[in-house]
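For reference, the structure discussed in these notes is given below.
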Amino acid sequence: MAILANLFHAPKSHRNGSNIPFSGTGTVGSSEAIMLATLSMKWKWREHRKKLGLSYDKPNIVFGSNVQVCWHKACVYFDIEGREADVSEDCLILTKDRAQPLIDGHTIGVCCILGSTFNGEFENVKEIHDMVMELNQKNNWNVPIHVDAASGGFIAPFTQPNLIWDFRLPNVKSINVSGHKFGLVYAGVGWALWREPDDLPDELMFHVDYLGGDQASFTLNFSKGASQIIGQYYNLIRYGMEGYSALAFAGLQTASYLRGLYFFSSNF
Ligand SMILES: *Cc1c(COP(=O)(O)O)cnc(C)c1O
């Protein structure tokens, strides 16, 4: 978690020395990570509304119609209205202008995708982030940004380190990434990270001592093999920045080569 929190530029002051606070969890994949992030956004929103004495029975969440199916699942499973911005043939992603009219006081969060499921394109997280910050200030809202970096989370930090999409943006409160996509681990591992421990509501955390010492647990399932976690740790240590960069650039080169073949074939 500490390696990924660093990679995504989580604020350092909270991760001093050996006293690393809980800022994330391993999951089965990005889907579970997104379920957990959605729950925490819903809880934070409700807390904020309660404090202001406002109603909290009609939560909604804003994303583009290019989201992966897990976002629709999260809406149905957790009884949240999904407000989906249409994308068009000439622009297949969420933009700030498409998102803005869908946001109101009942919005628990806005999801930006780093690596759209349709075509791999990155949404402009910074632009959407700044628009949401402005709305929050104007209306006394607390709408956070979640970045679904299922695929891009293991590409952008290595190929575009100057692209500002992660915890460097103060209102990016949570990020998910799939270890089993460009994290290069076999299937069954994802990661959910929160900016600071405060961004994760206490009520969602359970503490168990079945296995000896106190263990904090925030997952949908419980028992799980350790092999993927070890595989991820091994790869991070073994490849490092240099190795992941080389592999990410090679992957992009292959994608671009294949794109050329498709583009100039008469099939598309
Ligand atoms: C793959 C993907 C998911 C789902 O991730 P899993 O790790 O397969 O659960 C969610 N969002 C995006 C953008 C994806 O590409």
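Counted within 6.0 Å of CG on Asp202, heavy atoms from surrounding residues, nucleotides or ligands total 12 or fewer; the atom is thus considered open. Atom CD of Glu242 sits in a sparse spot, with 12 or fewer heavy atoms from other residues, nucleotides or ligands closer than 6.0 Å. The number of heavy atoms from other shown groups lying within 6.0 Å of NZ (Lys58) does not exceed 12.
The side chain to side chain contact (heavy atoms under 4.5 Å, CB included) test with Phe63 singles out one residue from Glu84, Gln68, Arg83, and that residue is Glu84. Of the residues Ile145, Val172, Asp148, the one that meets the side chain to side chain contact (heavy atoms under 4.5 Å, CB included) test with Cys112 is Ile145.
For the pair Lys44 and Pro201, the tightest heavy-atom approach, listed with the atom from each and the gap, is CD-CG, 3.8 Å. Looking at every heavy atom in both residues, Gly183 comes nearest to Gln232 through O-NE2, 3.4 Å. Nearest heavy-atom pair, Ala216 versus Met205, reported as atom, atom and distance to 0.1 Å: CB-CE, 3.4 Å. Among all heavy-atom pairs drawn from Cys70 and Met35, the shortest one is O-CE, 3.7 Å. Residue Gly115 comes nearest to Ser151 through the heavy atom pair O-OG, 3.5 Å, listed as atom of the first residue, atom of the second, then distance.
Using cut-offs of 30° and 60° for the angle between ring planes, the Trp194 and Phe218 rings count as tilted.
Residues Ser40 and Leu204 meet the side-chain proximity criterion, which asks for heavy atoms closer than 4.5 Å. For the pair Asp166/Ile175, a side-chain contact is recorded, criterion being any heavy-atom separation below 4.5 Å from C-beta on. Residues Phe158 and Phe182 are not in side-chain contact: their nearest non-hydrogen atoms beyond the backbone lie 4.5 Å or more apart. Side-chain contact between Arg46 and Pro59 is absent, with no heavy atoms from C-beta onward closer than 4.5 Å. A heavy-atom distance below 4.5 Å is not found between the side chains of Ser174 and Asp199. For the pair Tyr56 and Trp45, the minimum side-chain heavy-atom distance is below 4.5 Å. Side-chain atoms of Asp209 and Asp214, non-hydrogen and from C-beta on, never get closer than 4.5 Å to each other. With a 4.5 Å cut-off on side-chain heavy atoms, Asn176 and His146 count as touching.
Side-chain atoms of Asn136 come within 3.5 Å of backbone N or O of Val143 as a donor-acceptor pair. Although no hydrogens or angles enter the test, the distance criterion places no donor-acceptor pair under 3.5 Å between the side chain of Lys173 and the main chain of Leu200. The closest donor-acceptor contact from the side chain of Asn124 to the backbone of Glu127 lies under 3.5 Å. Side-chain atoms of Lys42 come within 3.5 Å of backbone atoms of Phe78 as a donor-acceptor pair (strictly under, hydrogens ignored). No donor-acceptor pair closer than 3.5 Å links the side chain of Thr38 to the backbone N or O of Ala74. Without hydrogens or angle criteria, Arg195 side chain to Arg168 main chain gives no donor-acceptor distance under 3.5 Å. Side-chain atoms of Arg238 never come within 3.5 Å of backbone atoms of Gly243 as a donor-acceptor pair (strictly under, hydrogens ignored). At least one donor-acceptor pair under 3.5 Å links the side chain of Ser116 to the backbone N or O of Phe118. For Glu32 (side chain) and Val28 (main-chain N/O), a donor-acceptor pair under 3.5 Å exists by modelled atom type. Within the 3.5 Å criterion, the main-chain N or O of Ile3 finds no donor-acceptor partner in the side chain of Asn6.
A chain of hydrophobic side-chain contacts below 4.5 Å, direct or via other Ile, Leu, Val, Met, Phe, Trp or Tyr residues, connects Val110 to Leu102. Linking Ile, Leu, Val, Met, Phe, Trp and Tyr residues whenever their side-chain heavy atoms come within less than 4.5 Å places Phe8 and Tyr239 in a single cluster. One hydrophobic cluster, built from ILVMFWY side chains closer than 4.5 Å, cannot hold both Val189 and Ile230; they sit in different ones. When the side chains of ILVMFWY residues are joined at heavy-atom separations under 4.5 Å, either directly or via intervening members, Leu247 and Leu7 end up in a single hydrophobic cluster. In the hydrophobic cluster analysis, where Ile, Leu, Val, Met, Phe, Trp and Tyr join through side-chain heavy atoms closer than 4.5 angstrom, Val177 is grouped together with Met1.
Using modelled atom types and a 3.5 Å distance limit, the side chains of Glu123 and Asn66 yield a donor-acceptor pair. For the residue pair Asn171 / His129, no side-chain donor-acceptor distance below 3.5 Å is found, with atom types taken as modelled. Between Thr107 and Trp141, the side chains place no donor N or O within less than 3.5 Å of an acceptor N or O (distance only, hydrogens not considered). Side-chain contact check for Ser88 and Arg98: at least one donor-acceptor pair (N or O, by modelled atom type) lies under 3.5 Å. Counted by atom type alone, His106 and Asn60 present zero donor-acceptor pairs between their side chains at under 3.5 Å. No donor-acceptor contact under 3.5 angstrom links the side chains of Thr95 and Asp97, judged on distance only.
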In sequence, state the C-alpha distance, the side-chain angles, and the governing distance for His48 and Asn142, and then conclude on side chain to side chain donor-acceptor pair (under 3.5 Å).
-> CA-CA 7 Å; His48 180 69; Asn142 241 354; 3.1 Å; yes
Apply side-chain contact (heavy atoms from CB on, under 4.5 Å) to Ser65 and Val67, showing your working.
-> CA-CA 5 Å; Ser65 60; Val67 287; over 6 Å; no
Give the C-alpha distance, both sets of side-chain angles, the deciding distance and a yes or no for side-chain contact (heavy atoms from CB on, under 4.5 Å) between Cys75 and Glu81.
-> CA-CA 6 Å; Cys75 287; Glu81 177 197 347; over 6 Å; no
Please walk me through it: do Tyr234 and Val185 pass side-chain contact (heavy atoms from CB on, under 4.5 Å)?
-> CA-CA 9 Å; Tyr234 175 81; Val185 184; over 6 Å; no
Step-by-step side-chain contact (heavy atoms from CB on, under 4.5 Å) determination, Thr25 to Leu36 = CA-CA 9 Å; Thr25 188; Leu36 299 176; 3.7 Å; yes
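From Ile108, atom CD1 reaches atom CD1 of Ile61 across 4.0 Å, with rounding to the nearest 0.5 Å. Distance check, rounded to the nearest 0.5 Å: CE of Met41 to CG of Leu39 gives 9.0 Å. Separation of atoms NZ (Lys73) and CD1 (Ile34) is listed at 10.5 Å; rounding is to 0.5 Å. Here the straight-line distance linking atom CG of Leu193 with atom CZ of Phe167 works out to 5.5 Å at 0.5 Å rounding. With rounding to the nearest 0.5 angstrom, the CD1 atom of Ile103 is 11.5 Å from the NZ atom of Lys96. Distance check, rounded to the nearest 0.5 Å: NZ of Lys126 to CH2 of Trp165 gives 15.5 Å.
Between Tyr244 and Phe154, the gap from one ring centroid to the other is short of 6.0 Å.
Residues passing the ring-ring contact (aromatic ring centres under 6.0 Å, His included) test with Tyr210, sequence neighbours excluded: Phe222. In this view, Asn140 satisfies the side-chain hydrogen bond (donor to acceptor under 3.5 Å, both in side chains) rule with no residue, not counting sequence neighbours.
Electrostatic pairing of Glu47 and Lys50 does not count as a salt bridge here, judged by no charged N lying under 4.0 Å from a carboxylate O.
The side-chain tip of Arg259 points at the ring of Phe263 from less than 6.0 angstrom away and within 45° of straight on.
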